[in-house]
Structures are given as C-alpha cells and as structure tokens.
Amino acid sequence: VQLQASGGGLVQAGGSLRISCAASEGTFSNYAVGWFRQAPGKEREFVASIDWSSGTTYYADSVKSRFTVSRDNAKNMVSLQMNRLEPEDTAVYLCAARESISFRWVLASARHYDYWGQGTLVTVSS
C-alpha cells in the first residue's frame with residue numbers, strides 16, 4: 001500500500017487543521033494507521049493511531065483531548081483533526097501503516113510500521 005498525506009499548512013495558535021492520509025495501490029483493510037510527527041532537530045514521535053477494522057484509537061498524552069483520528073471507509077482515508085493547536089505542534093506529520101495489531105506499545109513505535117507516506121508540514125504560529 002502507498003500512502004499520501006495532505007492538508008498541512010499554516011495556522012495560528014488556538015486554531016484547527018485537518019490532515020488526511022489516503023491509500024493508493026491498496027486499501028487499509030487489515031491495517032492499522034499511525035500518525036507521527038517530527039520537528040526540526042527532534043526525534044520522530046507518535047501522535048495517534050487507528051485500527052481500520054476495529055476503529056480502536058490511541059493517542060499521545062500531549063494531543064489527547066485536542067486531536068481526533070478517524071477513518072472514512074468510502075474514501076479509504078484516515079484523517080487527523082487537530083484542534084487548539086499550539087506552536088509546539090509545529091512539525092512534519094507523517095502517516096504510516098502496518099498490519100493490524102492491538103498492542104499500543106507497538107502502534108506507538110515508528111520502527112514497527114512498514115509503509116510510510118511523504119509527510120505534510122503543519123506550522124502553528126504564536
């Protein structure tokens with residue numbers, strides 16, 4: 001499966017943005033999709049994940065209650081709705097996919113994903 005992230009941009013602190021990850025040359029069936037982000041000079045960090053079949057979601061503590069990950073079966077797409085954005089959320093956001101699994105520690109680790117999109121830049125101004 002190939003992944004294409006889109007929807008990034010510039011937003012003021014406190015604002016909202018929705019980014020999406022579309023699958024091509026395949027579907028998300030039997031996959032879990034994760035969102036990660038990487039700021040300049042920092043390590044890639046887990047943001048959120050969703051299991052396509054069960055809909056089970058996990059979030060990093062830093063985004064819980066502000067971000068929501070969801071799936072759209074008809075569009076074969078996973079989206080990340082980001083509200084109350086903060087300058088610290090500025091990063092390149094990447095989506096990734098791997099075989100469905102229920103363990104949060106696996107889904108929160110970038111090295112356990114097999115497929116990656118190219119990323120989309122989110123910039124939050126103060």
Side-chain angles (χ1 to χ4, degrees):
V1 63
Q2 292 193 355
L3 309 179
Q4 179 75 34
S6 62
L10 174 65
V11 63
Q12 288 189 333
S16 298
L17 200 63
R18 186 179 186 91
I19 58 178
S20 297
C21 179
S24 62
E25 297 189 17
T27 70
F28 284 132
S29 297
N30 301 315
Y31 282 92
V33 178
W35 283 102
F36 292 79
R37 65 187 182 187
Q38 189 161 17
K42 294 188 176 181
E43 292 187 356
R44 188 168 297 185
E45 66 172 349
F46 171 73
V47 176
S49 68
I50 185 167
D51 184 271
W52 189 263
S53 296
S54 68
T56 300
T57 58
Y58 295 112
Y59 296 92
D61 289 343
S62 60
V63 306
K64 199 176 297 184
S65 81
R66 298 189 299 125
F67 291 10
T68 302
V69 61
S70 61
R71 68 190 192 279
D72 185 325
N73 290 339
K75 296 181 179 179
N76 202 31
M77 181 181 292
V78 171
S79 294
L80 185 67
Q81 177 67 40
M82 303 181 290
N83 298 327
R84 302 200 311 276
L85 282 161
E86 304 167 353
E88 293 74 22
D89 295 317
T90 294
V92 173
Y93 283 71
L94 305 104
C95 61
R98 58 147 294 130
E99 184 180 70
S100 180
I101 194 167
S102 61
F103 299 112
R104 186 189 185 282
W105 69 270
V106 173
L107 294 167
S109 174
R111 66 187 181 95
H112 289 296
Y113 284 80
D114 302 307
Y115 307 97
W116 289 85
Q118 87 292 355
T120 185
L121 177 62
V122 173
T123 304
V124 184
S125 63
S126 56

Undergrad: Can you tell me how far apart CD (Glu25) and CD (Gln2) are? Round to the nearest 0.5 Å.
TA: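 That separation rounds to 4.0 Å.
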Undergrad: Any chance CG of Asn30 has more than 12 other-residue heavy atoms, nucleotides or ligands included, within less than 6.0 Å?
TA: no
Undergrad: Considering the options Met82, Arg84, Glu88, which one meets the side chain to side chain contact (heavy atoms under 4.5 Å, CB included) requirement together with Glu86?
TA: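 Single side chain to side chain contact (heavy atoms under 4.5 Å, CB included) partner of Glu86 among Met82, Arg84, Glu88: Glu88.
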Undergrad: Working to the nearest 0.5 Å, report the span between OG of Ser24 and CD of Gln4.
TA: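 That separation rounds to 7.5 Å.
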Undergrad: Measure the spacing between CD of Gln38 and CD of Glu45 and express it to the nearest 0.5 Å.
TA: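 CD of Glu45 is found 9.5 Å from CD of Gln38.
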Undergrad: Could you measure the distance from the CZ atom of Phe36 to the CG atom of Leu94? Nearest 0.5 Å is fine.
TA: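 Going from the CZ atom of Phe36 to the CG atom of Leu94 covers 9.0 Å.
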Undergrad: Would a hydrophobic clustering, with Ile, Leu, Val, Met, Phe, Trp and Tyr connected at side-chain separations under 4.5 Å, put Phe46 with Val106?
TA: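 Both belong to a single hydrophobic cluster.
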Undergrad: Hey, does the side chain of Thr90 reach the backbone of Pro87 with a donor-acceptor pair shorter than 3.5 angstrom?
TA: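 Present.
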Undergrad: Could you tell me whether a side-chain N or O of Arg37 sits under 3.5 Å from a main-chain N or O of Ala91, the two making a donor and an acceptor?
TA: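 Between the backbone of Ala91 and the side chain of Arg37 there is no qualifying donor-acceptor contact (under 3.5 Å).
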Undergrad: Donor-acceptor pair, distance only, cut-off 3.5 Å: does the side chain of Asn83 make one with the backbone of Ser65?
TA: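 Answer holds: no.
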Undergrad: Just so I know, are the side chains of Gln81 and Ser16 near enough to count as touching, which here means a heavy-atom distance under 4.5 Å?
TA: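 Yes, side chains in contact.
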Undergrad: Throw together a table of side-chain donor-acceptor distances under 3.5 angstrom for residues 118-126, partners on residues two or more places apart or in other chains.
TA:
from   : atom 1 : to   : atom 2 : distance (Å)
Gln118 : OE1    : Ala5 : N      : 3.4
Gln118 : NE2    : Ala5 : O      : 2.9
Thr120 : OG1    : Gly8 : N      : 2.9

Undergrad: Taking the side chain as everything from C-beta on, heavy atoms only, tell me whether Val78 gets closer than 4.5 Å to Ile50.
TA: yes
Undergrad: Please report the shortest heavy-atom distance between Phe28 and Asn76, naming the atom on each side.
TA: N-OD1, 3.2 Å
Undergrad: Closest approach of Leu107 and Ala32, non-hydrogen atoms and distance?
TA: CD2-CB, 3.5 Å
Undergrad: Are Val1 and Trp52 linked, directly or through intermediate hydrophobic residues, by side-chain heavy-atom contacts shorter than 4.5 Å (ILVMFWY only)?
TA: yes
Undergrad: Could you report the tightest heavy-atom contact between Ser102 and Tyr58, atom names first, then the distance?
TA: O-OH, 3.0 Å
Undergrad: What closest approach, in Å, do Ser79 and Arg18 show between heavy atoms, and which atom pair accounts for it?
TA: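 Residues Ser79 and Arg18, closest heavy atoms: CB-NH2, 3.6 Å.
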Undergrad: Do the rings of Tyr31 and Tyr115 sit parallel, tilted or perpendicular, given the 30° and 60° boundaries?
TA: perpendicular
Undergrad: Should the pair His112 and Trp105 be assigned to parallel (<30°), tilted (30 to 60°) or perpendicular (>60°) ring geometry?
TA: perpendicular
Undergrad: Give the C-alpha distance, both sets of side-chain angles, the deciding distance and a yes or no for side chain to side chain contact (heavy atoms under 4.5 Å, CB included) between Leu80 and Val47.
TA: CA-CA 10 Å; Leu80 185 67; Val47 176; 4.0 Å; yes
Undergrad: Nearest 0.5 Å, please: how far is CZ in Arg104 from OG1 in Thr57?
TA: 10.5 Å
Undergrad: Is there a donor-acceptor pair closer than 3.5 Å between any side-chain N or O of Tyr113 and the backbone N or O of Cys95?
TA: no
Undergrad: Would you check, one step at a time, whether the test side chain to side chain contact (heavy atoms under 4.5 Å, CB included) holds for Leu85 with Leu17?
TA: CA-CA 8 Å; Leu85 282 161; Leu17 200 63; 3.9 Å; yes
Undergrad: Going by atom types alone, do Asp51 and Ser100 pair a side-chain donor with an acceptor below 3.5 Å?
TA: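 Ser100 and Asp51 do have a side-chain donor-acceptor pair below 3.5 Å.
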Undergrad: By ring-ring contact (aromatic ring centres under 6.0 Å, His included), which residues pair with Tyr59, not counting sequence neighbours?
TA: none
Undergrad: Any cation-pi pair here, Arg44 with Trp116, using under 6.0 Å and within 45°?
TA: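 Yes, cation above the ring, under 6.0 Å and within 45°.
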